[in-house]
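Below is one structure, written out as structure tokens, with a few remarks after it.
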Amino acid sequence: MISANNVTLRIGKKALFEDVHIKFTEGNCYGLIGANGAGKSTLLKLLLGILSPDSGEAKMFGRDSFRFRKKNASLIGANFGQKSSLVWDLPFLYSLELNQKIYQIPNAQFQQTLDELGRFLQIKELLNIPVRLMSLGQRMRCEFAAITLHAPKLLILDESTIGLDILVKKKIEDYLNYINAQRNV
């Protein structure tokens, strides 16, 4: 599903990564562990095709990650804990409906997924609340809903549970385990 072979990434003369080799296979969960500033987020951006390696190759779904980043985007749900994909001043439902249009999700699938997300993440009561009025825990549950609405094959999560209480983390973990078991995500 994701691989990096002999990947090197530089900023100026400084190498951020040299000769990185990674292989992530479908249906498995992986974690990147390292100190702050070690380059975990940068490596994820490289694997997603947001950044291009200076040498070597990064592939996703068997295709060059950088050259096919737009084609790969419909198969990915990504959450970077410090960045929001929700429309701040409008009710949460607007963000979901926008994603429905972007990913061309049929109404029946949209409703089925919304019911599933409501069961696991208790988002139904948040649908008509402007995102800016939500607590951090409510927003993060909504972020997970937004990035999984289109049933992606791959989820990339970067510090996506930062600052959340243990109950919300457990709900998110249960949902991730569920979609992994049901759809091999």
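For the ring pair (Phe, Tyr, Trp, His ring centres under 6.0 Å) condition, no pair includes a residue of residues 56-81, sequence neighbours left out.
For Gln112, the CD atom is loosely surrounded, since the number of other residues' heavy atoms within 6.0 Å does not exceed 12. Heavy atoms from other residues, nucleotides or ligands lying under 6.0 Å from NZ of Lys71 number 12 at most. Within a 6.0 Å sphere centred on NZ of Lys23, heavy atoms belonging to other residues, nucleotides or ligands number 12 at most. Within a 6.0 Å sphere centred on CD of Gln104, heavy atoms belonging to other residues, nucleotides or ligands number 12 at most. Environment of NZ in Lys153: sparse, with no more than 12 heavy atoms of neighbouring residues, nucleotides or ligands closer than 6.0 Å.
Remark: Arg132 engages Asp89 in a salt bridge, criterion side-chain N to carboxylate O under 4.0 Å. Checked for salt-bridge contact, Lys40 and Glu159 miss the test: no charged N lies under 4.0 Å from a carboxylate O. Electrostatic pairing of Lys169 and Asp165 does not count as a salt bridge here, judged by no charged N lying under 4.0 Å from a carboxylate O.
Ser65 contributes no side-chain N or O that, together with a main-chain N or O of Leu48, makes up a donor-acceptor pair within less than 3.5 Å. Between the side chain of Tyr94 and the main chain of Pro130, no donor-acceptor pair closer than 3.5 Å is present. Judged by distance alone, the side chain of Asn5 and the main-chain N or O of Gly56 form no donor-acceptor pair under 3.5 Å.
Every side-chain contact (heavy atoms from CB on, under 4.5 Å) that Ser135 has, sequence neighbours left out, goes to Gln138. For Ser160, the side-chain contact (heavy atoms from CB on, under 4.5 Å) test picks out Asn79, Met140, Phe144, Leu157, with sequence neighbours left out. Under the salt bridge (Lys or Arg N to Asp or Glu O under 4.0 Å) criterion, Arg183 pairs with Glu116, sequence neighbours left out. Shown here are the side-chain contact (heavy atoms from CB on, under 4.5 Å) partners of Pro91, two or more places apart in sequence or in another chain: there are none. With sequence neighbours excluded, no residue forms a side-chain contact (heavy atoms from CB on, under 4.5 Å) with Ile33.
At a cut-off of 3.5 Å, with distance as the only test, a side-chain donor of Asp115 or Gln111 sits close to an acceptor on the other residue. Counted by atom type alone, Asn6 and His21 present one or more donor-acceptor pairs between their side chains at under 3.5 Å.
The CG atom of Leu16 lies 9.5 Å from the CG atom of Leu46; values are rounded to the nearest 0.5 Å. His150 contributes atom NE2, which lies 13.5 Å from atom CZ of Phe110 (distance to the nearest 0.5 angstrom). Residue Ile76 holds its CD1 atom at 10.0 Å from CG of Leu155, rounded to the nearest 0.5 Å. The distance from the OG atom of Ser3 to the CZ atom of Phe24 is 10.0 Å, given to the nearest 0.5 Å. Atoms CD1 and CZ, on Ile129 and Arg139 in that order, are 12.5 Å from each other to the nearest 0.5 Å. Separating the CG atom in Leu167 from the CD atom in Gln122 is a distance of 10.5 Å, to the nearest 0.5 Å.
Using cut-offs of 30° and 60° for the angle between ring planes, the Phe120 and Tyr178 rings count as tilted.
Side-chain heavy atoms closer than 4.5 Å link hydrophobic residues (I, L, V, M, F, W, Y) into clusters, and following such links, possibly through other members, connects Leu154 to Leu43. Put simply, Leu9 and Ile11 are part of the same group of oily side chains (I, L, V, M, F, W, Y) that touch within less than 4.5 Å, one to the next. Transitive grouping of hydrophobic side chains (ILVMFWY, heavy atoms separated by less than 4.5 Å) brings Leu114 and Leu90 into a common cluster. Follow the hydrophobic side-chain contacts under 4.5 Å out from Met1 and you never reach Ile179; the two are in separate clusters. Linking ILVMFWY residues whenever their side-chain heavy atoms come closer than 4.5 Å, directly or via other members, leaves Leu75 and Ile102 in distinct clusters.
Across all non-hydrogen atoms, the minimal contact from Val168 to Arg141 is CG1-CG, 3.9 Å. Closest approach of Ala145 to Phe92, counting heavy atoms only: CB-CZ, 3.8 Å. Residues Ala15 and Arg10 share a closest heavy-atom pair of CB-NH1, 3.3 Å. Scanning all heavy atoms of the two residues, the minimum distance from Pro152 to Gly77 falls at CB-N, 3.5 Å. Minimum interatomic distance between Val87 and Ser95 (heavy atoms only, all atoms of both residues): N-OG, 2.8 Å. Scanning both residues, Leu149 and Gln109, for their nearest heavy atoms gives O-NE2, 4.4 Å.
With a 4.5 Å cut-off on side-chain heavy atoms, Arg63 and Asn72 count as touching. Counting heavy atoms from C-beta outward, Asn177 and Tyr175 have side chains that stay 4.5 Å or more apart. Side-chain contact check for Leu86 versus Trp88: every heavy-atom pair is 4.5 Å or farther apart. Leu117 places none of its side-chain heavy atoms less than 4.5 Å from the side chain of Leu96. The shortest distance between side-chain heavy atoms of Asn180 and Cys29 falls below 4.5 Å.
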Starting from the C-alpha separation in whole Å, work towards a yes-or-no answer on side chain to side chain contact (heavy atoms under 4.5 Å, CB included) for Lys59 and Ile2.
CA-CA 6 Å; Lys59 289 187 174 184; Ile2 298 176; over 6 Å; no
Hey, mind stepping through Thr8 and Asp54 against side-chain hydrogen bond (donor to acceptor under 3.5 Å, both in side chains) and telling me if it holds?
CA-CA 6 Å; Thr8 298; Asp54 292 312; over 6 Å; no
